[in-house]
Amino acid sequence: MSQDNTNHEKHSVTRRTPVTSIPGYELTDRGPEVFAPVDGPLEAPVQDVEKGPLYMAAEEVVTSLEEAQPTASPGDEALSKTSVSRRDFLKLFSAAAVASSAACVRRPLEKAVPYVNQPVDQAVGIPAYYASTCGECSSGCGITVKTSSGLPIKIEGNPEHALSQGSTCATGQAALQALFHPDRRTAPGFQAATGFSTYAWNDMYEVLAQRLSGKKVAIFTNGSTGSRNSFYGDVLKKMGGSENDLYTYESNSLYESISEAHQMVFGVECLPRPDMRLAKVIVGLGTDFLDVGTHPVFFAKNFAGFHSLRGTELGKFIQFESMMTQTGAKADERHVIPPSGEIVAALLLMKALVDKNVSGRARDQASRILATNLEVVNGGYELLGISKDVFDHVAEELLKGPAMVLAGNTAFDENATMLQVAAALINEMVGAYGKTLFLERGWMRSPVRTGDVTRFMSNASKYDAVFFIDTNPVFSLPPSFGFEGLLKSIPMIISMQSSPNEMDNYAHVIMPITHALESWGDEQPVAGFWSARQPVVRAVKDARQAEDIFLWVLAAQKKSLPYADYRAYLLDKWKPLMTLVDVKGVDFDTFIKAFLRRGFAGRVETRPAPSVRDVASSFKLSSVATTKGLKLLAPLDPRLGDGRGADKPILQEIGDGMTTIAWDSWVAMNPNTAAKMGFKRNDLLLVETATGSVKVALYPLPGLHADAVVVNRGNGHSKESGLIQGGVGVDPLVMLGKAVDPVTKAPVTAGQEVKISKTGQIYRLAAMQKSHDIGKRIGIVKKYSVEDLKELKRNRSLDDVPDLYPKLKEDEEAQYRWGMSVDLTKCSGCGACMAACAIENNVPQVGRDQILLGREMHWIRLDRYFAGDVDNPQVTFQPMMCQQCNHAPCEAVCPVIATSHDPEGINSMTYNRCIGTRYCANACPYKVRRFNWWTHKWGVLGDRPQDRMPRALNPEVTVRTRGVMEKCNFCAQRIRQAKYVAKEQGRLLNDGDLLTACAQVCPSDAIVFGNLKNRGSRVSIERADARSYLALGGDPDKNEFGIKTLPNVSYMAVIAHRDPLGTGAEGHGDGHAPSHEAGHEATAPADSSAAPAGAQQEAPAPAPAHQ
Amino acid sequence: MSNLFGPILKWMQLGVLSLFLAVVSQATPASAWWFWTPGDTVDNVGYKPEQPIPFSHKLHSGERKIPCEYCHSSARRSFSAGIPSSNTCMGCHKIVRTDKPAIKQITEAYDKNQPIEWVKVHDLPDFAKFPHKRHVQSKEQGGAGIQCQECHGKVEEMEVLEQGAPLQMGWCIGCHKERNAPLDCLGCHY
């Protein structure tokens, strides 16, 4: 008896404690969770690690920022903030038990449904590509859309297109998710207090025609550089108005401020086209061209050409900024200035140039401007905390070589336009125009007309009906503007959105319109350069093209324009193109076919170089803040923009580049300031201004100015606004008072004074990069200075790693060994690779709470490392994907041989063989293996629930289900396809025939993929380069081989002008003593005596090169 | 008492458990087989589902000697051999045998722009990628030069199409080994 009892007790003691929810790790109701962590946070902070030179979060340096253990009860508002419906939507686990529970049910019959009329150029399984123009922002990048069986499956940059040059940004990649979005409306209709009544499209045109006849109509829409604006002008004229009733609006007012500044300085309204490859020095006055800017992909391509190693030369980028942008992270010299200090820095730089022997009209203008703003200039050095020497040195650098100054970011202050004016004058003084910046040939066109928002707001009462087309001013203008109230006074609001947004709530009529991928259109981003947009798929939902709706409404009013549809209008507009490009001997139809096939046409316009005008008299500064104290900066989020991207799960999931936070908003503060105020990481803070307040969690971000408080825009959509975006994060605009840039009338989103206090609650931000877990590990990130580079040599091949086993015969005989090289000097952490990878490989998005559990599914992630002073750190971005180790730790531990080594060097993963032991993930030193904890859902299609929206998936890649491990496989499907094509042609693959999704998309050309057995391939050349290294691979020249995994992925060390892992940069703001010393990584090159004799240069290539 | 009955209870428990295990161990594979093989053989060979239109391969391919790739035209150039679209049928049947009920059925669907929903017979799991073109293309083209019949059976003799081979991995591998074709996992699973 007693024995039995003790047995029983023993049993209950050893039994696992039941699954309970841990604050911050609440599990929603999605069935039994077998592997729920029961013993505290997943990654317990490691306290006794010896510090190395790199750190991943501020609290490793400022230890008092260490997150407090949550004390709040699970029911707290802050903790239960995430939207259950979204979570459920994203991750409801599948009814995978069908097979086991219903033994009498048989596998559902799979149908094969062929075309009725198969198009001649289409066959199942053979993709068709269409050239088009991306519509996700107004920069007008050319894209090639891969379609399979008539459905788009992947967007890629059009390699011949001047603006995209073969790449897209992450936002462009996410366009497919917008196209197939479950939130998209299916029918037009009228909205009244009683509800929404749907109409058939044909009735809709009739009803609208009646209701609009004789009414005063306006159109409010987003920016475009194409024929669309003139079309709307024509429509408005037919409706009895004029083209002045068209209002264009982009929340990125950089377009306006830059073009307005050039209007003031040169009398030309345009944006200069930069060619950074021609420059040796670039000075940024708070610029963020790599984050948001005006043309992100074009600028990233440009910057990669400028800031990468050209021989032994490297362009020098000097940045003054108060935020920590990804652009600033690439700076060789970074000066931290107070919020809104850019204009002061510009004036001081101007002064430094005026003091040098510069001549010309620009100098006269500049000295007059300096004379009128003497006070600002004299107090400037103290305000910025930067000495005069620094500006003298920057001015010298600028005068030395071809240079340019880029100014302004998307946190706009009152002086945003004046900053651009100052930058234009500086550029003129250093001779940038005509050398590196072009106004006279191929200038860039602004997609918006300046000041349209304020113009609309003053005219709104005149109109009986206003169309809002693909724009969301209710969300993207600060509420203090009163736009919402204004809408209530408009008798009829017609909302036409490709994805539903907040505007619909105010609309009387809602009409779903086609997405850019379903529409006709064009853009003229550069004067004279036309980029065509053609539909790549028939409208996925029952939507119509906005322009067509107008044509058909006009037709119903018997006032029709002479076009059957918008395509006909465009063909008419494209007629002059033929003479422009001087095509002879073909008819117009043939020309148009060639134009659409190629995606662009034109000849860039030229004009005489404009000269500087009298700008000094109109140069007026709004008050420059001279007081210290916390100031709010609300820039556009690099991924989500002004909120447009928030409904795309992939953009939410790739997270912010600097903080790695996904699915959320955060308040970023200088770590030392935060520590002084007694805050800890993940503290939920109340951020207040005179206008409003938000509750948002703290992320201490190294590199911010002590006074800067940054809350990105983009999130904060209301819970009802959508399945994906609803209830995520906060909107900083509620804190902004009504202030505008006096020139462009664009709302001011920077410089508001702000008070911050603790709420006592903790809210875990889903930051994907953990802290404290690298210690003094060597060989993760290597950096050299340009000077080091001259002596940098490598005597031993990276592949020369000792191995006990003989080389396999199959490996030796294989014709290919796939490899990848990532140039960390180029990578700017934009996240396009993560998005492209997810779209190409059907990688699911998992949502915030799964990321908190460390269960994100990215096959490629972006690690970000800080080094040096926490107030002005050096930042390195490192894309980390499966390293395809030749001596892979994961392969040895798999009990079912689900992961094995491919003779071509790929560490293959066989999903159907995997039983989910996760041994491989534990063995992987790079933490790149991902386990499917759930069958992740995207949506529901038709009458039966699907695992994911089948049409948003790539049919060439297996969709993984719950219980299966997955990881990067170098886009095996692309390798197969390319090899088959090469075999058909009886040849081997050439370098460049084949690119992985990440290498293909990279706007900075940082990722190179190819065959390592071909000695001439780019990847082989990069791998043999002296600055290449293997992650965690030690230094072969010193007989240190790290963990000896011998990956096929190699990294190229960062080259910087800055003291590579130095303790501080020149001239930072109010700095604090850093606690890091330079460590192993920086150690210089190659002690060649350590290398064994005879291990000279020659790589022991296993097979002769085939070229 | 419990001391006395303890061992007996234990044996009874074990008995129930082993009975349960026996049932489960038999039933699980059995139900899995039942689920995954709609054909009534062990390896699904001979699976012969009813099609929406009683199309006879015996007539078209056997008697009329229409080459396979006349209708399954993407076999040479795509992963998928392709089920012919309705207009392929109508190419002949606009004129030929327009009086037969099956032809009337297909003409009607064609006129209404409705596709025919054929039932897949040779259905590979989605995690196995089978490029038809690599197998069908001639050796000169770098392919394997395999006749359709080697995997699909004697289609030209089938009144109703049935599965001609097990299409299971062992069967694939057997052939790959015989012909010295690639055996790496990544060749088919990605």
Side-chain angles (χ1 to χ4, degrees), chain A residues 1 3-4 98-100 102-119 122-126 149 810 814 841 897-904 906-913 955-960 969-973 975-977 979-980 982-986, chain B residues 1-3 6 27-28 30-32 34-38 49 52 73-74 76-90 109-110 112-121 123 125-129 131-134 137 140-143 169 182-190:
Chain A
M1 179 93 188
Q3 206 183 350
D4 265 358
V98 171
S100 56
C104 52
V105 175
R106 286 207 153 174
R107 177 187 63 167
L109 287 183
E110 202 161 315
K111 298 280 178 68
V113 186
Y115 284 99
V116 175
N117 279 300
Q118 182 157 335
Q122 295 261 347
V124 175
I126 302 178
S149 304
E810 303 90 88
N841 293 305
I897 326 183
T899 181
S900 56
H901 211 71
D902 185 89
E904 295 178 357
I906 299 173
N907 175 246
S908 68
M909 179 69 225
T910 316
Y911 309 125
N912 42 314
R913 195 165 255 237
E956 289 163 17
V957 178
T958 309
V959 179
R960 287 78 58 186
N969 58 11
F970 271 170
C971 288
Q973 67 282 6
I975 297 179
R976 295 287 138 195
Q977 297 276 18
K979 267 167 70 179
Y980 294 158
K983 266 201 178 152
E984 276 165 32
Q985 297 169 353
Chain B
M1 283 293 270
S2 65
N3 275 347
T28 308
S31 55
W34 176 261
F35 179 78
W36 286 115
T37 56
S73 60
S74 59
R76 269 161 302 174
R77 42 198 188 107
S78 172
F79 266 56
S80 159
I83 310 281
S85 54
S86 308
N87 64 339
T88 312
C89 308
M90 295 309 289
Y110 180 75
K112 281 191 200 155
N113 205 24
Q114 277 170 350
I116 311 288
E117 296 197 4
W118 302 97
V119 179
K120 254 189 155 181
V121 179
D123 190 8
D126 291 349
F127 53 73
K129 311 284 179 199
H132 268 92
K133 60 173 179 181
R134 298 292 309 126
Q137 281 165 354
E140 295 78 58
Q141 279 177 301
M169 189 168 146
L183 288 171
D184 37 309
C185 309
L186 211 53
C188 312
H189 302 300
Y190 48 83

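Chain naming here is simple, since letters A, B, ... match the order of the sequence lines and numbering starts at 1 in each.
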I'd like to check [X] versus [Y] (side-chain heavy atoms, cut-off strictly below 4.5 Å). Are they in contact?
X: A/Thr958; Y: B/Tyr190; answer: no
X: B/Met169; Y: A/Arg913; answer: yes
X: A/Glu984; Y: B/Lys133; answer: yes

- Who pairs with A/Tyr980 by ring pair (Phe, Tyr, Trp, His ring centres under 6.0 Å), at least two apart in sequence or on another chain?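 Residues passing ring pair (Phe, Tyr, Trp, His ring centres under 6.0 Å) with A/Tyr980: B/Phe79.
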- With A/His901 via ring pair (Phe, Tyr, Trp, His ring centres under 6.0 Å) - residues at least two apart: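 None.
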- When B/Pro49, B/Ser78, B/Ala128 are compared by non-hydrogen pairs under 4.5 Å with chain A, the top option: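 Looking at each option in turn, the highest pair count goes to B/Ser78.
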- Between B/Met90, B/Gln137, B/Gln114, B/His132, which has the largest tally of heavy atom pairs under 4.5 Å with chain A?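 With the most close heavy-atom pairs to chain A, the winner is B/Gln137.
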Shortest non-hydrogen contact between [X] and [Y], atoms and distance:
X: B/Lys120; Y: A/Ala112; value: CG-CB, 3.9 Å
X: B/Lys129; Y: A/Glu956; value: CE-O, 3.4 Å
X: A/Pro903; Y: B/Asp184; value: CD-CB, 3.7 Å
X: B/Ile83; Y: A/Pro114; value: O-CB, 3.4 Å

Counting only heavy atoms closer than 4.5 Å, note whether [X] contacts chain A via side chain, backbone, both or neither.
X: B/Gln141; result: backbone
X: B/Glu140; result: neither
X: B/Pro131; result: side chain

Roughly how far, to the nearest 0.5 Å, is [atom2] of [Y] from [atom1] of [X]?
X: A/Ile975; Y: B/Leu186; atom1: CD1; atom2: CG; value: 7.0 Å
X: A/Arg976; Y: B/Cys188; atom1: CZ; atom2: SG; value: 8.0 Å
X: A/Asn117; Y: B/Ser85; atom1: CG; atom2: OG; value: 7.0 Å
X: B/Cys185; Y: A/Asn912; atom1: SG; atom2: CG; value: 9.0 Å

- Query: Where the side chain of B/Ser80 meets the backbone of A/Gly125, is there a donor-acceptor pair that is under 3.5 Å apart?
  - Reply: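 No, because the side chain of B/Ser80 does not come within donor-acceptor range (under 3.5 Å) of the backbone of A/Gly125.
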- Task: With a 4.5 angstrom heavy-atom cut-off, could you sort out which part of A/Ile126 is near chain B: side chain, backbone, both or neither?
- Result: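 Backbone plus side chain of A/Ile126, per the 4.5 Å heavy-atom cut-off to chain B.
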- Query: Checking A/Tyr115 against chain B: side chain, backbone, both or neither under 4.5 Å from a heavy atom?
  - Reply: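 For A/Tyr115, the contact with chain B is made by backbone and side chain together.
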- Any chance CG of B/Leu183 has more than 12 other-residue heavy atoms, nucleotides or ligands included, within less than 6.0 Å?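 Yes.
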